[in-house]
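Structure, as structure tokens:
None of the values given here were measured: they were computed from a predicted structure.
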Amino acid sequence: MTDYSEEQRNELEALESIYPDSFTVLSETPTTFTITVTSEAGENDETVQTTLKFTYREKYPDETPLYEVVSQENLDDNDVTDIMKLLEQQTKENLGMVMIFTLVSAVQEKLNEIVDQMKTRREEEKKQKEREAEEEEKQRFHGTPVTIENFLNWKAKFDAELLELKRKKMKEDEQAGKNKLSGKQLFEMDHNLDTSDIQFLEEAGNSVEVDESLFQEMDDLELEDEEDDPDYNPVNLDSD
């Protein structure tokens with residue numbers, strides 16, 4: 001007849017010796033205890049951890065122990081689900097033998113795999129970022145392929161921007177007084193300009209000063225005699 005109590009007591013002593021810093025007895029009836037399992041450190045000294053709670057059934061090890069994950073660190077829900085599936089598988093495979101050490105060892109190996117997966121994910125993310133940066137650099141170097149559609153869009157935009165610049169330049173020149181009208185343009189705009197000089201003289205009266213030095217001596221002027229003028233006609237004078 002199997003002495004289940006003896007087998008359970010012997011296993012507890014062995015577990016306490018193997019896991020002195022992570023083994024804790026919670027109760028003796030039924031026998032319940034916890035073992036904290038920590039993965040090996042990753043390349044950045046990161047670890048994952050879980051605390052497993054076990055309870056012996058009366059006929060353990062011929063009956064499977066009760067088990068659950070009571071706490072975890074750096075594990076997501078999927079990881080916890082995977083651990084529970086692993087424990088279920090191991091308890092079935094080891095039924096009839098004391099199995100807590102085997103269960104904890106399996107979880108320990110699983111945690112190490114999770115750390116390795118975290119490392120692999122980081123490396124993949126790094127490579128993905130490098131690929132994206134490289135692709136972005138290629139796009140910047142080669143530019144966008146020219147098609148008729150995007151060329152026409154660019155041309156329309158360019159013409160609109162050029163027209164706007166011209167309008168701004170004309171407005172700035174006009175404000176700065178650079179866009180002056182020519183004499184002809186002024187005359188066409190105001191036909192009164194042709195009488196402005198005469199009106200000025202009439203309004204000035206005798207106050208208009210003339211610099212006689214601007215004119216030559218009368219004797220120096222070569223004037224033709226009236227008789228030498230082929231157009232001279234004394235008859236016309238008499239008619240006046």
Distance-minimising heavy-atom pair for T55 and P30: CG2-CG, 3.9 Å

Can you confirm whether the side chains of S39 and T47 place a donor and an acceptor under 3.5 Å from each other? no

Which is it for I83 and L75 under the side-chain contact (heavy atoms from CB on, under 4.5 Å) test, yes or no, and what are the steps along the way? CA-CA 10 Å; I83 290 172; L75 296 173; 4.1 Å; yes

Whether over 12 other heavy atoms sit under 6.0 Å from L165 CG: yes

Please report the interatomic distance CG(L87) to CG(L66), rounded to the nearest 0.5 Å. 12.0 Å

Give a yes or no on whether Y4 atom OH has more than 12 heavy-atom contacts from other residues, nucleotides or ligands under 6.0 Å away. yes

Using only atom types and a distance under 3.5 Å, with no angle test, would you say the side chain of Q8 pairs donor to acceptor with the backbone of R57? yes

Rounded to the nearest 0.5 Å, how far does OG1 of T64 lie from CD of E93? 13.5 Å

Might you confirm whether atom CD of E130 has over 12 heavy atoms from other residues, nucleotides or ligands at distances under 6.0 Å? yes

Neighbour count >12 (heavy atoms, 6.0 Å) for atom CD, Q128: yes

Got more than 12 heavy atoms from elsewhere within 6.0 Å of CD, E6? yes

Cluster overlap V104 with V25, hydrophobic side-chain contacts below 4.5 Å: yes

Would L12 and M97 show up in the same hydrophobic cluster when neighbours are defined by side-chain heavy atoms closer than 4.5 Å? no

Among the clusters formed by ILVMFWY side chains lying less than 4.5 Å apart, do L163 and F158 turn up in the same one? no

What is the distance from atom OG1 of T24 to atom CZ of F33, rounded to the nearest 0.5 Å? 11.0 Å

Less than 4.5 Å apart, any side-chain heavy atom of K53 and any of L26? yes

Using a 4.5 Å cut-off on heavy atoms from C-beta on, say whether the side chain of V69 contacts that of L52. yes

Answer yes if the ring centres of Y56 and Y60 are under 6.0 angstrom apart, and no otherwise. yes

Spatial distance of atom CD1 (I100) from atom CG (L15) [nearest 0.5 Å]: 6.5 Å

Hits for side chain to side chain contact (heavy atoms under 4.5 Å, CB included) against E88, two or more places apart or cross-chain, chain-then-number order -> Y67, K92

Any link between V115 and V80 through a network of hydrophobic side chains (Ile, Leu, Val, Met, Phe, Trp, Tyr) touching at under 4.5 Å? yes

Would you say Y19 and V37 make side-chain contact, with heavy atoms under 4.5 Å? no

I'd like to know whether CD of E40 has more than 12 heavy-atom contacts from other residues, nucleotides or ligands below 6.0 angstrom. no

D159 vs K155 side-chain heavy atoms within contact, under 4.5 Å: yes

Can you check side-chain contact (heavy atoms from CB on, under 4.5 Å) on E16 and E13, steps first, answer last? CA-CA 5 Å; E16 187 175 8; E13 292 178 357; 5.7 Å; no

To the nearest 0.5 Å, how far apart are CZ in F23 and OG1 in T34? 8.0 Å

To the nearest 0.5 Å, tell me how far S5 OG sits from K59 NZ. 12.5 Å

More than 12 foreign heavy atoms under 6.0 Å from CD of E109: is that the case here? no

Between K110 and D82, is there a side-chain heavy-atom distance shorter than 4.5 Å? yes

Looking at side-chain heavy atoms only, is the closest gap between E46 and N74 below 4.5 Å? no

P65 to T91 - nearest heavy-atom pair and separation: CD-CG2, 4.3 Å

May I ask you to decide if L86's main-chain N or O and Q90's side chain share a donor-acceptor pair within less than 3.5 Å? no

Would you mind reporting whether N112 and Q108 have side-chain heavy atoms less than 4.5 Å apart? yes

Kindly work out whether a path of hydrophobic side-chain contacts (I/L/V/M/F/W/Y, heavy atoms less than 4.5 Å apart) joins I18 to M99. yes

Applying side-chain contact (heavy atoms from CB on, under 4.5 Å) to Q49 and L111, what does each step give before you reach the verdict? CA-CA 7 Å; Q49 179 176 286; L111 297 184; 5.6 Å; no

Test side-chain contact (heavy atoms from CB on, under 4.5 Å) applied to V48 and D79, step by step: CA-CA 10 Å; V48 294; D79 294 329; over 6 Å; no

